**Student:** 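Pasting in a structure now, in structure tokens, and then I'll have a few things to ask.
The model shown is predicted, which means the values in this text are computed figures rather than measured ones. Computed from heavy atoms alone, side chains included, the values below leave out hydrogens, waters and symmetry copies. For this chain, numbers begin at 1 and follow the sequence in order.
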Amino acid sequence: MEYEDKAKAVGECLQSYRRDESGWKVCKKSNDVVVSWRPSSEFPGNVYKGEGIVSGSPEKVWECLKPVPNGLRVKWDNNVKKFELVEQITEDISICRTVTPSAAMGIIAPRDFVDVILVKQYEDGTISSNATNVTHASCPPQSGFVRGFNHPCGCICVPISGEPNKTQVFSFFQTDLGGLLPRSVVDSFFPSSMSEFYGNLAKAVKSLKDF
């Protein structure tokens, strides 16, 4: 029950981040994506928000984003090396372990994260993945990886009225990378990696065959 309650709470939390426009400061902007940040209320770091329009139907975009083992995300997302199902709690809620490669020219060592993930669909066609850190008996910290902690984070795919082949994608990252990393490394890593995330997502969606 605890996992289910936590999953539902993170779904509500992400919707509140999406609705609440206050306090966000733009830190990176391109034609396709705007990345903003504000101080996190969950840990002594920042929550980052990405907003962008991706060419492709919500179904196609979601196919590239959905958090499933052997899914497409490990193929195109440079920050996801491995994605494992630890336990399926309900049809929409799972516990998963994500492994990330080293980053920032090796300054950031490989990490792993254990999260409860809720997949939620809304009546307007919006679909979201919502995640936050949990502990799980079968997934203790492992040698070779620094255990990081995701605070409420995820992606929201929103249909655009009158544009069936375009999708508005919100992404939220709020990650305690663990380890003794200089704050400046963390603060420069997320905006650039999120901008890259949108570029790689757009390419992945474009390369999908029509459903």
**Student:** Would you confirm whether Arg97, through its side chain, and Phe83, through its main-chain N or O, come within 3.5 Å as a donor-acceptor pair?
**Tutor:**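 It does not hold such a pair.
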**Student:** Using every non-hydrogen atom in the two residues, find where Gly144 and Pro110 come nearest and quote the distance to one decimal.
**Tutor:**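 Heavy-atom minimum between the residues: O-CB, 4.1 Å.
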**Student:** Any link between Phe149 and Tyr3 through a network of hydrophobic side chains (Ile, Leu, Val, Met, Phe, Trp, Tyr) touching at under 4.5 Å?
**Tutor:**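 Per the 4.5 Å side-chain linkage, Phe149 and Tyr3 are not co-clustered.
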**Student:** Salt bridge (Lys or Arg N to Asp or Glu O under 4.0 Å) for Arg147 and Asp176? Distances and angles first, verdict last.
**Tutor:** CA-CA 9 Å; Arg147 176 60 52 93; Asp176 179 353; over 6 Å; no
**Student:** Are any side-chain N or O atoms of Glu163 and backbone N or O atoms of Asn165, one a donor and one an acceptor, separated by less than 3.5 Å?
**Tutor:**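 No, the answer is negative, given that no donor and acceptor are paired below the 3.5 Å cut-off.
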**Student:** When rounded to the nearest 0.5 angstrom, what is the spacing between CG in Leu118 and CD in Glu12?
**Tutor:**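 Result: 9.5 Å between the selected atoms.
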**Student:** Taking the six-membered ring of Trp37 (Phe, Tyr or Trp), confirm whether the NZ or CZ of Lys49 is under 6.0 Å from its centre and within 45° of its axis.
**Tutor:**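 No, Lys49 and Trp37 do not form such a contact.
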**Student:** Mark yes or no for whether Asp124, through its side chain, and Thr126, through its backbone, hold a donor-acceptor pair below 3.5 Å.
**Tutor:**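 Looks like yes, one N/O pair under 3.5 Å.
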**Student:** Any side-chain heavy atom of Cys96 sitting closer than 4.5 Å to one from Val86?
**Tutor:**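 No - every pair of side-chain heavy atoms lies 4.5 Å or more apart.
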**Student:** Establish whether Leu72 and Leu65 are linked, either directly or via other cluster members, by ILVMFWY side-chain heavy-atom contacts under 4.5 Å.
**Tutor:**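 Linked within one cluster.
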**Student:** Any chance you could measure Ile53, atom CD1, to Asn31, atom CG, to the nearest 0.5 Å?
**Tutor:**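 Answer rounded to 0.5 Å: 13.0 Å.
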**Student:** Please name the pair of heavy atoms, one in Pro140 and one in Ser138, separated by the smallest distance, quoted to 0.1 Å.
**Tutor:**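 Pro140 and Ser138 have their closest heavy atoms at CD-C, 3.5 Å.
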**Student:** Looking at Lys8 and Asp92, does any basic side-chain N land under 4.0 Å from a carboxylate oxygen?
**Tutor:**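 Salt bridge flag = no for Asp92 with Lys8.
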**Student:** Check whether any side-chain heavy atom of Glu4 lies under 4.5 Å from a side-chain heavy atom of Ile89, and answer yes or no.
**Tutor:**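 The answer is yes; the side chains approach within 4.5 Å.
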**Student:** Would a single hydrophobic cluster contain both Ile93 and Ile95, if residues Ile, Leu, Val, Met, Phe, Trp and Tyr are joined by side-chain heavy-atom contacts under 4.5 Å?
**Tutor:**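 Result: yes, single cluster for both.
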**Student:** Checking Gln174 side chain against Pro152 main chain: does a donor-acceptor pair fall under 3.5 Å?
**Tutor:**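 Indeed, once roles are kept as given, a pair shorter than 3.5 Å links the two residues.
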**Student:** Would the number of heavy atoms belonging to other residues, nucleotides or ligands and lying under 6.0 Å from NZ of Lys6 be above 12?
**Tutor:**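 More than 12 heavy atoms, drawn from other residues, nucleotides or ligands, come within 6.0 Å of this atom.
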**Student:** Using every non-hydrogen atom in the two residues, find where Val54 and Ala202 come nearest and quote the distance to one decimal.
**Tutor:**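 In this case the closest contact between Val54 and Ala202 is CG1-CA, 4.2 Å.
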**Student:** Could you grab the distance from atom CG of Leu201 to atom SG of Cys155, nearest 0.5 Å is fine?
**Tutor:**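 Reported value, rounded in 0.5 Å steps: 8.0 Å.
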**Student:** Check whether any side-chain heavy atom of His136 sits under 4.5 Å from a side-chain heavy atom of Glu87, and report yes or no.
**Tutor:**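 Yes; the side chains approach each other to less than 4.5 Å.
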**Student:** Distance from Met194 atom CE to Ser171 atom OG, nearest 0.5 Å?
**Tutor:**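 Nearest 0.5 Å value for the CE-OG distance: 3.5 Å.
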**Student:** Take Val35 and Lys29, measure what side-chain contact (heavy atoms from CB on, under 4.5 Å) needs, and give me the verdict at the end.
**Tutor:** CA-CA 6 Å; Val35 180; Lys29 197 172 185 177; over 6 Å; no
**Student:** Between Ser188 and Ser184, is there a donor-acceptor pair closer than 3.5 Å when you use the side chain of the first and the backbone of the second?
**Tutor:**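 Yes; at least one donor-acceptor contact below 3.5 Å.
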**Student:** Mind checking the CD-CD spacing from Glu63 to Glu59? Nearest 0.5 Å is all I need.
**Tutor:**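 Those atoms lie 10.0 Å apart.
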**Student:** Between Val10 and Cys153, what is the shortest heavy-atom contact and its length?
**Tutor:**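 Shortest heavy-atom contact: CG2-N, 4.3 Å.
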**Student:** Do Ser16 and Leu14 pass the side-chain contact (heavy atoms from CB on, under 4.5 Å) test, and can you show the C-alpha distance, the side-chain angles, and the key distance before you say yes or no?
**Tutor:** CA-CA 5 Å; Ser16 76; Leu14 253 61; over 6 Å; no
**Student:** Grouping I, L, V, M, F, W and Y whenever their side-chain heavy atoms are under 4.5 Å apart, do Val205 and Val33 come out in a common cluster?
**Tutor:**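 Hydrophobic grouping puts Val205 with Val33.
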**Student:** Taking the side chain from Trp76 and the backbone from Cys64, do they hold a donor-acceptor pair closer than 3.5 Å?
**Tutor:**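 Yes, Trp76 side chain to Cys64 backbone: donor-acceptor pair under 3.5 Å.
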**Student:** Would you say that Val99 contacts Arg111 through its side chain, given a criterion of any heavy-atom pair below 4.5 Å between the two side chains?
**Tutor:**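 In short, these two side chains do not touch, never coming nearer than 4.5 Å.
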**Student:** Output, in order, the C-alpha distance, side-chain angles, deciding distance and verdict of side-chain contact (heavy atoms from CB on, under 4.5 Å) for Val47 and Glu42.
**Tutor:** CA-CA 9 Å; Val47 52; Glu42 304 282 338; over 6 Å; no
**Student:** Stepwise, does the side-chain contact (heavy atoms from CB on, under 4.5 Å) test hold for Thr98 with Asp112?
**Tutor:** CA-CA 6 Å; Thr98 307; Asp112 74 344; over 6 Å; no
**Student:** What is the distance from atom CG of Asn130 to atom CD of Gln15, rounded to the nearest 0.5 Å?
**Tutor:**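 That separation rounds to 7.5 Å.
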**Student:** Treat each ILVMFWY residue as a node, draw an edge where side-chain heavy atoms are under 4.5 Å apart, and state whether Val34 and Tyr198 are in one component.
**Tutor:**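 Different clusters: Val34 never reaches Tyr198 through Ile, Leu, Val, Met, Phe, Trp or Tyr contacts under 4.5 Å.
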**Student:** Please determine which of Leu181, Asn79, Thr175 meets the side chain to side chain contact (heavy atoms under 4.5 Å, CB included) test together with Phe189.
**Tutor:**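 Looking at Leu181, Asn79, Thr175, the match for Phe189 under the side chain to side chain contact (heavy atoms under 4.5 Å, CB included) is Asn79.
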**Student:** Looking at every heavy atom in both Ala7 and Val116, which two are closest together, and how far apart are they?
**Tutor:**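 In this case the closest contact between Ala7 and Val116 is CB-CG2, 3.9 Å.
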**Student:** Would you confirm whether Arg18, through its side chain, and Ile156, through its main-chain N or O, come within 3.5 Å as a donor-acceptor pair?
**Tutor:**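 Checked: no pair found.
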**Student:** Among Phe173, Phe190, Phe172, find the residue that satisfies the ring-ring contact (aromatic ring centres under 6.0 Å, His included) test when tested with Tyr48.
**Tutor:**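 Only match with Tyr48 under ring-ring contact (aromatic ring centres under 6.0 Å, His included): Phe190.
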**Student:** Contact between Leu177 and Ile108 at the side-chain level, heavy atoms closer than 4.5 Å - yes or no?
**Tutor:**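 They are in side-chain contact.
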**Student:** May I ask you to decide if Gly45's main-chain N or O and Ser40's side chain share a donor-acceptor pair within less than 3.5 Å?
**Tutor:**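 No.
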**Student:** Report yes if the side chains of Tyr122 and Ile127 come closer than 4.5 Å at any heavy-atom pair, otherwise no.
**Tutor:**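 The answer is no, as the side chains (C-beta and beyond) never meet within the 4.5 Å cut-off.
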**Student:** Search all heavy atoms of Trp62 against all heavy atoms of Cys157 and return the closest pair with its distance.
**Tutor:**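 Distance-wise, the nearest heavy atoms are CE3-SG, 4.2 Å.
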**Student:** Any chance CG of Asn70 has more than 12 other-residue heavy atoms, nucleotides or ligands included, within less than 6.0 Å?
**Tutor:**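 Not buried by this count: 12 neighbours or fewer within 6.0 Å.
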**Student:** Without hydrogens or angle criteria, can the side chains of Asp115 and Asn150 be said to hold a donor-acceptor pair below 3.5 Å?
**Tutor:**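 The answer is yes; a qualifying pair exists.
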